[in-house]
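In what follows, residues are counted from 1 in the order of the sequence shown. For the numbers below, each heavy atom of this structure counts, side chains included, while hydrogens, waters and symmetry mates do not.
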Amino acid sequence: MYGRKLFYIKLFIFLIFLLFLTGYVIMATPSQGGTDVDGELVNCTLNEDSGTVAFDVFVDSGRYVLLILACLHIIFELFQMVYQRLHYFTDYTNYFEVTMYVSTVVYVSADFDLSFVSESDVLSGAR
């Protein structure tokens, strides 16, 4: 019974993660071109609508939700790694999951404003 509850909790968290990741990618990624519809070029993404509720949910607050959920999943993977030991590394899906969550952290963290940190602060280790 414990395993089933944990499975449904992880599934629910993953579905929320997937919803926010999809919304974030659609709303935050600039269009690379468009689709020709009746002789008119139409953009495929909605990143121009930066004042909409969808933009506020999926980009402004969504980046925090994605970071929290990705870190939570990474912690789940670490627990699974400790529990399964060497068997963890024999299942290729674990590599996929860790890569997906780390890539999400890298992708979303690039959107944060770090203009208050100068290059000299980073190189000197100052806070």
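Put simply, the side chain of Lys10 does not reach to within 4.5 Å of the side chain of Ile13, judged on heavy atoms. Residues Leu15 and Leu19 fail the side-chain proximity criterion, which asks for heavy atoms closer than 4.5 Å. Here the side chains of Tyr101 and Glu97 are in contact, with some heavy-atom distance below 4.5 Å.
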Phe20/Val57 under side-chain contact (heavy atoms from CB on, under 4.5 Å): CA gap, chis, key distance, verdict: CA-CA 9 Å; Phe20 274 94; Val57 169; 4.1 Å; yes

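Of the candidates Val65, Thr104, Leu72, Thr104 is the only one forming a side-chain contact (heavy atoms from CB on, under 4.5 Å) with Phe17.
Going from atom CG of Leu11 over to atom CG of Leu6 covers 11.0 Å, rounded to the nearest 0.5 Å. Once rounded to the nearest 0.5 Å, the distance linking CD1 of Ile75 with CD of Glu77 reads 11.5 Å. Separating the CG atom in Leu69 from the CG atom in Leu18 is a distance of 11.0 Å, to the nearest 0.5 Å. Taking OG of Ser109 as the start and CG of Leu66 as the end, the distance is 11.0 Å to the nearest 0.5 Å. Here CG of Asn94 is found 10.5 Å from OH of Tyr92. Values are rounded to the nearest 0.5 Å.
Residues Tyr88 and Gln84 share a closest heavy-atom pair of CA-OE1, 3.5 Å. Shortest non-hydrogen contact noted between Ile74 and Val105 is CD1-CG2, 4.4 Å. Between Arg63 and Asp60, the shortest heavy-atom distance links the atoms CG-O, 3.7 Å. Closest of all the heavy-atom pairs between Thr90 and His87 is OG1-O, 2.7 Å.
Residues meeting the ring pair (Phe, Tyr, Trp, His ring centres under 6.0 Å) test with Tyr107, sequence neighbours left out: Tyr24. Residues forming a ring pair (Phe, Tyr, Trp, His ring centres under 6.0 Å) with Tyr64 (at least two apart in sequence, or on another chain): Phe112.
Linking Ile, Leu, Val, Met, Phe, Trp and Tyr residues whenever their side-chain heavy atoms come within less than 4.5 Å places Phe12 and Ile9 in a single cluster. Ile68 and Met100 fall into different hydrophobic clusters, where Ile, Leu, Val, Met, Phe, Trp and Tyr are joined by side-chain heavy atoms under 4.5 Å apart, directly or via other members.
By the 4.5 Å side-chain criterion applied to Ile, Leu, Val, Met, Phe, Trp and Tyr, Tyr83 is assigned to no cluster and stands alone.
Using cut-offs of 30° and 60° on the angle between ring planes, the pair Phe76 and His73 is perpendicular.
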